[in-house]
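Chain naming here is simple, since letters A, B, ... match the order of the sequence lines and numbering starts at 1 in each. All heavy atoms count here, side chains included; hydrogens, waters and symmetry mates do not.
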There are 2 protein chains.
Amino acid sequence: MHRHEGHDACQAGVGDMLARAESVCRERGLQFTPLRREVMEAVAEAGKAQGAYDIAETLSAPGKRVAPVSVYRALDFLMQQGLVHRIASRNAFIPCAHGHAPGEGVVFLICRSCGGVDEASSEELEDGLDRTLKRAGFTPAHSILEVEGDCGACRGRQEAG
Amino acid sequence: MHRHEGHDACQAGVGDMLARAESVCRERGLQFTPLRREVMEAVAEAGKAQGAYDIAETLSAPGKRVAPVSVYRALDFLMQQGLVHRIASRNAFIPCAHGHAPGEGVVFLICRSCGGVDEASSEELEDGLDRTLKRAGFTPAHSILEVEGDCGACRGRQEAG
DNA sequence: GGCGGGTTTGTTACAGTGTATCACCGCAGC
DNA sequence: GCTGCGGTGATACACTGTAACAAACCCGCC
């Protein structure tokens, strides 16, 4: 079972994500500054993975420039708190749709037609990976699992249209 | 069962890799040019993943400069033929230790102390991934599975030393 | 041998991604 | 007030990758 219903559902939850970010920071005694909130919001609102430079542009306005370096710092912070993820194959960032421990086996499903990114996780997959690593004598610290393909919604649209 | 014994075993096979590359190209009617051979050799000889610029530097000598763009082209070719792999999380390249179909579920095991990269594959892992994707209604086209951690050799060395 | 067409390589320039460094600001605590 | 500290702004830079065009090469063909 994947844990949510698609990108529309995700977008509906922007407020939830911000609320969660805020409470996570409060719990940990960390600052959820305006900049961090804006970056979190930009990542959460976009329907697809955003590059750091995209975010910088989104947040910039005539007279108020947000430099990419500031975005990177905010993203680093948000990633450390597990609030956003980095998609290595795209050099882009997405909001974390639900809490999970860092290093836990989550797969990112990247749709090549709509650009949306879903998260999926399963015991089965994690067990398979663990056993494979154990057999190889390898101690994992951090995993990157990304699959590019077509999400159900887009495939349906193609078949219909 | 992982399919080979570690980085020393890999390095011993540089000649084999070149021979395989050559025969693959001959079979497919493609050119295994001197540049492509040199790039393949550089990737195969290095004990760890090499960046394109590293390779360019390795191949350059006083009076004979190899530009990164040439290396990228050779790498693109070698990747298309399945002779080298790209490690997305490192922006770096490794030789393919053994033949496998493109898109097949191979995991890259990246050691954070020695920098070596192993390949591992298992039915179990692939099945788990397939089922997880199917449940999510996602049709995969291409997967990236990379795990960072400590390889057996390095862990042994740490415990001993 | 010369010609034409495809592929490979060289070269330059540039776009995109990410980091280092330093200065400044705001704020808590003394 | 002073100091220390985390966050931000700003500039510069390093690293990664691609576009575009020209030159060299190869190979079949006339």
### Query
What string of B, S and - do you get for nucleotides 7-23 of chain D, 5' to 3', when a contact is any protein heavy atom under 4.0 Å?
SBBBB----BBBBB---
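The aromatic ring centroids of A:F93 and A:H85 lie 6.0 Å or more from each other.
When only modelled atom types and interatomic distance are considered, B:T139 and A:R155 share a side-chain donor-acceptor pair under 3.5 Å. A donor-acceptor contact closer than 3.5 angstrom links the side chains of B:Q81 and B:R28.
A:E148 is listed as a side-chain neighbour of A:R90, based on a closest heavy-atom distance under 4.5 Å. Under the 4.5 Å side-chain criterion, counting only non-hydrogen atoms from C-beta, A:E41 is in contact with A:L18. A 4.5 Å side-chain heavy-atom check between B:R135 and A:S122 finds at least one atom pair inside the cut-off.
One can place CD of A:Q50 at 11 Å from P of C:dT17, the figure rounded to the nearest angstrom. Remark: C1' of C:dG16 and CD1 of A:I55 are 14 Å apart, rounded to the nearest angstrom.
Among all heavy-atom pairs drawn from A:A56 and A:A67, the shortest one is CB-C, 4.4 Å.
By the neighbour-count criterion of 12 heavy atoms within 6.0 Å, atom CD of A:E57 is sparsely surrounded, having that number or fewer from other residues, nucleotides or ligands.
The bend of the helix from C:dG1-D:dC30 to C:dC30-D:dG1, defined by the angle between the axes of its first five and last five pairs, stands at 10° to the nearest 10°.
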